[in-house]
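Quick one: this structure, given as structure tokens, is what I'll be asking you about.
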Amino acid sequence: MGNVDLEHADMNFRKELARQPGGEKISACFMCRTCVASCPISAVNDRFHPLRIIRMALYGLKEQVLSSDFIWLCSSCYACQERCPQGVSITEFMTLLKNMAAKEGHMPAGIRAQLDLVKGEGRIYPIDDFDNKKRAKIDLPAVPTTCGVVKELFPE
Amino acid sequence: MKYAFFLGCTIPARSRNYEVSARRVADKLNIELVDVKEFICCGFPIKASDQRSSEIMAAYNLCLAQEKNLDILTLCSSCGSALTEAAHHLSEDDNARDEVNEHLAGAGLKYEGNVKVRHFARVLFEDIGEDKIKEHFQKELSDLKVAIHYGCHYLKPSEIYDGFDEVEAPRSLDELVKLTGAEVVDYQGKKKCCGGPVLPVDENVALSVTKEKLDNIAVTDANAMCLVCPFCSVMYDSNQKSIESEYDTTYNLPVLYLTQILGIAMGFDRKALGLNMNVVKTKELLSRYFSKE
Amino acid sequence: MEKVLMINYQKCTGCRLCELVCSVMHDGVSNPARSRIKVMKWEAEGLYVPMSCQQCEDAPCMNVCPVKAISRDEDLGFVMVDYDICIGCRSCVAVCPFGAMNYNSIDKKVFKCDLCGGDPQCVRFCEVNAIEYVDAERLSIYKRKDAAERLSVAQKEAGALQAAM
């Protein structure tokens, strides 16, 4: 992670976050580490540390946070958010960061593939005729193999 | 009791055992499940990368249920959370609903904000009730020692689930499993995540989260796991073998859906509950509950 | 021109980000215990008072130091410790009337506000401007302005009340 460099802090980052759902209350964090103690990812991997991410956001380290790979390690299990004594919506905050990162083009390949698949095909596991054959064998109804409506919901 | 049956993506493609057993159990309990062919992905998988589009997809599905004047029943906890969250948000926030409706207009729809979303397990626990379920039981599942995995999105974020169960001390699945005469086994980290959502980001991290729970269950005398989400099943059932070979260990822990456990107690046979499709073999564990086939 | 920290505790929300950035700036770690500025809290009353060095003119810490390790910086006018001379006796800690001289038992050193060399980070990061970095000479003007504003508001209210009677 390296040393914290406040020199290039983006002083608007906090305000930008505070305006969006999930980012409103991060300055209420008083560093009790309940989030870290509750986090199933932190338990197995020290690259992910919710408190550190909140602090980096408070310090205005926008570029470092949004281009990081560690924000994507959040499994969005809500354990931290349910337990935060300060009422910080930590999981929603992580989602906000990931969304902002994605908008700036930072996205793991697997996440990008899912996004393209879901917005393109309407399903994360598109169904083919073979699937329907297997379904028919156990008396399950057929599921459509194509999905046109996504083009209407997300034009061009 | 009648619901629009939301299958999602994973279940019809990869968890037909969950679907087939759920349909059997629902049928027995007179819950009518209406198939809606036009349902699309709930939006959950793209919430991290594009929350707006995620909500639009969820709202589209809510609209389809609205057209049929039905509430939605889900089997998948992730679908349940994405749809419940959208339903919750769009019923409270008129501006958000207007924004979403601009997109839905492209498909000729308008969401009014009144559809409710329920997980199947919640319906069983809250609406059907113990007595009514028990009436249909034919077998006592003694000797079955079950480690229950609640998963995350079945209960969280708590503010969208009307407090139907307690996040820090959940009991709905415990109660349902106990009805069958099976024993519920407690274990360390019972409330923890399966690691699934991290799978497309970092497989090693995801599988070590999964492994932690399998390890914690292995030291108890549980002989099966119980789930209510196909995504968790991908981690514990489909990936159990690869964790075993990666870490040079053996669990051989059958992973059952709640609906399969209830279905066995109701007297359905192995095939009717799709037990032949579970990845970790269940035959030896469950042989005592079935007559010779 | 000499500048000082002007703390308006009525604006402070108690978020303690000043403490964090202070420790990051000086020691490279997020650790409020290493902060030069400290927010004293009375949670029940919603009262938060950030406390830091006043850079006193006739500084007790400077006077009490038995080895003359404490002096005043010529350019920025802050009171500073020369660690080559300091013997760590903590006399300065004992004598400071504001509790602004701190002691770190891990580094075995006293430490205090050095105005971050002219760009105080507590000021930079305070969202509500509870801490400002202003010309020492003009300190009273701000206070005067504030007080005058309150007075004029009070007068207007009194006038309105009278008119209503």
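Note on naming: letters A, B, ... go to the chains in the order of the sequence lines (proteins, then strands), and numbering restarts at 1 for each one.
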* Could you walk me through whether B/Q51 and A/E92 pass side chain to side chain contact (heavy atoms under 4.5 Å, CB included), step by step? => CA-CA 10 Å; B/Q51 195 166 9; A/E92 302 304 345; 4.2 Å; yes
* Measuring heavy-atom distances to chain A, does B/K37 have an atom under 4.5 Å in its side chain, in its backbone, in both, or in neither? -> both
* Looking at B/C193, B/G189, B/G151, which one has more heavy-atom pairs under 4.5 Å with chain A than the rest? -> B/C193
* **Student check: side-chain heavy atoms of A/R135 and B/P12 closer than 4.5 Å** => yes
* To do: Could you tell me whether the side chains of B/S158 and A/E82 share a donor-acceptor contact shorter than 3.5 Å?
  => yes
* Structure fact -> Comparing B/S208, B/G108, B/C9, B/C42 against chain A, the one with the most heavy-atom pairs below 4.5 Å turns out to be B/C9
* **Heavy-atom contact with chain A under 4.5 Å, split by part of B/E212** => side chain
* Considering only heavy atoms and a distance below 4.5 Å, find which of B/A105, B/A272, B/P45 pairs most often with chain A. => B/P45
* Charged N to carboxylate O under 4.0 angstrom, B/D50 versus A/K103? -> no
* Structure fact -> So, the part of B/K191 with a heavy atom under 4.5 Å from chain A: the answer is side chain
* Asked: In terms of heavy-atom proximity below 4.5 Å to chain A, should B/E102 be classed as side chain, backbone, both, or neither?
  -> neither
* To do: Output the option from A/I71, A/I111, A/V143 having the highest count of non-hydrogen pairs under 4.5 Å with chain B.
  => A/I111
* Asked: With a 4.5 Å heavy-atom cut-off, do A/Q81 and B/P157 have their side chains touching?
  -> yes
* Structure fact -> Max heavy-atom pairs within cutoff under 4.5 Å with chain A, candidates B/V20, B/L199, B/T10, goes to B/T10
* To do: Begin from the C-alpha positions of A/F154 and B/I56 and carry the test side chain to side chain contact (heavy atoms under 4.5 Å, CB included) through to its verdict.
  => CA-CA 9 Å; A/F154 310 114; B/I56 291 166; 4.1 Å; yes
* Under 3.5 Å, side chain of A/N99 to main-chain N/O of B/K47, donor-acceptor pair present? -> yes
* Asked: Salt bridge between A/D139 and B/R23, side-chain N to carboxylate O under 4.0 Å?
  -> no
* Counting only heavy atoms closer than 4.5 Å, note whether B/L7 contacts chain A via side chain, backbone, both or neither. => side chain
* Decide side chain to side chain contact (heavy atoms under 4.5 Å, CB included) for A/V149 and B/E38; before the verdict, give the C-alpha distance in whole Å, the side-chain angles of both, and the deciding distance to 0.1 Å. => CA-CA 9 Å; A/V149 77; B/E38 296 79 15; over 6 Å; no
* Would you say the side-chain atoms of A/R123 pair up with the backbone N or O of B/G8, donor to acceptor, closer than 3.5 Å? -> yes
* **Under 4.5 Å from a heavy atom of chain A, the part of B/V167 involved** => side chain
* To do: Among B/A48, B/P197, B/G106, single out the residue with the greatest number of heavy-atom pairs under 4.5 Å to chain A.
  => B/A48
* To do: Would you mind checking which part of B/E85 comes under 4.5 Å of any heavy atom in chain A, side chain (CB onward), backbone (N, CA, C, O), both or neither?
  => side chain
* **Chi angles and distances behind the side chain to side chain contact (heavy atoms under 4.5 Å, CB included) call for A/S76, B/H153** => CA-CA 9 Å; A/S76 63; B/H153 301 107; 4.1 Å; yes
* To do: State which residue, out of A/V44, A/L73, A/N45, fulfils the side chain to side chain contact (heavy atoms under 4.5 Å, CB included) condition with B/V198.
  => A/L73
